[in-house]
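The structure appears below as structure tokens.
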Amino acid sequence: MTPEIELAFAAVRDEHGPDSLVRVEEMLEPRKQQRHERHPLQKGAKWVLPGISRQPWHDPHGHPELTPVVDAFETAHAAIKDELETAWAARRSAFSDYEHYLRRQEDWQALYLYRKGGLVEESAATVPTAYKVLKESAVDTELICPLLECHFSTLLPGASIAPHCDLWNFSINLHLAVDIPEGCGITVAGETRAWEEGRTLLFDYSFEHEAWNRGTRPRTCLLIDLWHPETTVPERQALVVLITEIRKLMGEG
């Protein structure tokens with residue numbers, strides 16, 4: 001705990017109460033972590049906030065806080081797909097190799113709408129509908145996790161994402177199925193599902209997961225990193241300060 005983190009945590013407690021950060025404190029204390037056994041397929045995650053349900057797959061419409069985001073993106077799917085197809089055909093330079101914290105893949109392309117704590121303004125002209133829906137439903141409402149991102153995720157034919165756990169369980173990953181050929185799938189904690197165009201999937205990516213495209217054309221989903229609905233406002237405030245400070249100390253900016 002650096003002085004900056006301690007001061008920020010103290011300010012959160014002053015505003016929300018002395019017990020508002022108990023779970024965050026337990027996450028940071030190794031001895032207290034031992035009280036909360038992880039799911040076997042969650043052990044690769046760096047941070048696991050105690051008290052979050054050990055549930056890999058979630059019903060996208062099952063959390064009232066997230067329902068407006070889900071509904072907004074599913075309603076806008078047709079326009080989002082049209083703009084994505086135009087961008088892929090005419091503005092390929094807007095896409096880049098996806099840089100996961102574990103690896104970089106040339107056969108996994110990304111077009112970012114939100115990154116490094118803010119909207120990527122250049123994408124507003126390229127994919128205006130997705131940008132507008134993201135801003136209004138997730139950014140302006142502070143439901144997006146500012147520590148992470150939103151991007152179009154395009155797996156080229158033959159590409160696969162090896163099994164892995166992401167960094168933590170206090171955010172949750174929403175996938176809007178934008179353009180889905182046959183032969184694509186995703187497995188989370190041993191359960192495999194398929195994307196359905198125009199619909200969303202929601203899962204906790206601290207659990208081991210993998211994905212693949214065995215089809216003959218690119219597969220594209222729009223990925224949005226949202227706060228896990230079981231986290232509280234004070235916890236979210238503290239976690240932003242905590243992870244931001246850790247990244248600075250690690251030289252990640």
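The model shown is predicted, which means the values in this text are computed figures rather than measured ones.
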| task | Mark yes or no for whether Glu149, through its side chain, and Asp225, through its backbone, hold a donor-acceptor pair below 3.5 Å. | result | no
| note | Nearest heavy-atom contact between Asp19 and Val22 is O-CG2, 3.3 Å
| task | Heavy atoms only: give me the nearest Leu21-Pro234 pair and the separation to one decimal. | result | CD2-O, 3.5 Å
| query | Which heavy-atom pair separates Pro60 from Val70 by the least distance, and what is that distance? | reply | O-CG2, 3.3 Å
| said: Please give me the minimum heavy-atom distance between Ser137 and Val69, naming the atom from each residue. | reply: O-CG2, 3.4 Å
| query | Tell me, do Phe9 and Leu28 make a side-chain contact under 4.5 Å, heavy atoms counted? | reply | yes
| request: Measure the shortest side-chain to side-chain distance between Ile144 and Leu134 over non-hydrogen atoms and say whether it is less than 4.5 angstrom. | output: yes
| query | Looking at residues at least two apart in the chain, or sitting in another chain, which of them share a salt bridge (Lys or Arg N to Asp or Glu O under 4.0 Å) with Glu65? | reply | Arg236
| request: Following the transitive rule for hydrophobic clusters with a side-chain heavy-atom cut-off under 4.5 Å over Ile, Leu, Val, Met, Phe, Trp and Tyr, establish whether Leu155 and Leu111 coincide in one cluster. | output: no
| query | Got Ile186 and Val188 here, is their nearest side-chain heavy-atom distance under 4.5 Å? | reply | yes
| task | With the side chain counted from C-beta on, respond yes when Val240 and Pro146 share a heavy-atom pair under 4.5 Å apart, and no when they do not. | result | yes
| message | Nearest 0.5 Å, please: how far is NZ in Lys248 from CD in Glu245? | response | 5.5 Å
| query | Does Gln109 use its side chain to pair, donor to acceptor, with the backbone of Glu106 at less than 3.5 Å? | reply | yes
| message | Under 4.5 Å between side-chain heavy atoms, counting indirect links through other Ile/Leu/Val/Met/Phe/Trp/Tyr residues: same cluster for Leu156 and Ile180 or not? | response | no
| request: Say whether, by atom type as modelled, one donor and one acceptor occur between the side chain of Thr2 and the main chain of Ile5 under 3.5 angstrom. | output: yes
| remark: Rounding to 0.5 Å, atoms OG1 (Thr187) and CD1 (Ile161) come to a distance of 11.5 Å
| task | Please test Ser53 against Glu230 for side-chain hydrogen bond (donor to acceptor under 3.5 Å, both in side chains), starting from the C-alpha separation and ending with a verdict. | result | CA-CA 8 Å; Ser53 61; Glu230 295 175 18; 2.8 Å; yes
| note | Output for pair (Thr220 OG1, Leu84 CG), nearest 0.5 Å, gives 5.0 Å
| query | Is a side-chain donor or acceptor of Thr231 paired with a backbone partner of Trp227 at a separation under 3.5 angstrom? | reply | no
| Rounded to the nearest 0.5 Å, how far does CG of Leu223 lie from CG of Leu201? | 10.0 Å
| request: Considering non-hydrogen atoms only, spot the tightest contact between Trp195 and Cys184 and give its length. | output: CZ3-CB, 3.9 Å
| query | Does a donor on one side chain sit under 3.5 Å from an acceptor on the other, for Ser153 and Trp108? | reply | yes
For residues 113-127, please give each side-chain donor-acceptor pair under 3.5 Å, one per line with the distance, not counting sequence neighbours.
unit_1, atom_1, unit_2, atom_2, d
Tyr114, OH, Gly117, O, 3.3
Ser123, OG, Val120, O, 2.6
Thr126, OG1, Arg91, NH1, 3.3

| message | Show me the pairs that pass ring pair (Phe, Tyr, Trp, His ring centres under 6.0 Å) and involve residues 64-89, at least two apart or across chains. | response | Trp88-Phe95
| Interatomic distance, Leu202 atom CG to His175 atom NE2 [nearest 0.5 angstrom] | 9.5 Å
| query | With distance as the sole criterion, is a donor-acceptor pair present between the side chains of Thr232 and Glu235 under 3.5 Å? | reply | yes
| Leu226 with Val233, same ILVMFWY side-chain cluster at under 4.5 Å | no
| Is any NZ, NE, NH1 or NH2 atom of the basic residue among Arg199 and Glu197 found under 4.0 Å from an Asp or Glu carboxylate oxygen of the other? | no
| Student check: side-chain heavy atoms of Ile243 and Trp168 closer than 4.5 Å | yes
| Heavy atoms, side chains only, cut-off 4.5 Å: are Pro229 and Leu66 in contact? | yes
| message | Please report the interatomic distance CG(Leu242) to CE(Met27), rounded to the nearest 0.5 Å. | response | 5.5 Å
| Which residues satisfy the salt bridge (Lys or Arg N to Asp or Glu O under 4.0 Å) test with Asp140, sequence neighbours excluded? | Lys135
| task | Group every Ile, Leu, Val, Met, Phe, Trp and Tyr by side-chain heavy-atom contacts under 4.5 Å, then state whether Val48 and Ile172 land in the same group. | result | no
| request: Among His58, His209, His228, find the residue that satisfies the ring-ring contact (aromatic ring centres under 6.0 Å, His included) test when tested with Phe203. | output: His209
| Are Leu148 and Leu239 connected, step by step, through hydrophobic side chains (Ile, Leu, Val, Met, Phe, Trp, Tyr) whose heavy atoms are closer than 4.5 Å? | yes
| note | Closest heavy-atom pair, Val133 versus Ala76, reported as atoms and distance to 0.1 Å, is CG2-CB, 3.9 Å
| request: Answer yes or no: does atom CD of Glu85 have more than 12 heavy-atom neighbours from other residues, nucleotides or ligands under 6.0 Å? | output: yes
| Does any pair with a residue in residues 202-222 pass salt bridge (charged side-chain N to carboxylate O under 4.0 Å, His left out), and if so which ones, sequence neighbours excluded? | Asp179-Arg217
| query | Stepwise, does the salt bridge (charged side-chain N to carboxylate O under 4.0 Å, His left out) test hold for Arg193 with Glu191? | reply | CA-CA 7 Å; Arg193 298 191 182 185; Glu191 181 180 341; 3.0 Å; yes
| said: Enumerate the ring pair (Phe, Tyr, Trp, His ring centres under 6.0 Å) contacts for residues 115-156, please, sequence neighbours excluded, ordered by first and then second residue. | reply: Tyr98-His151, Tyr112-His151
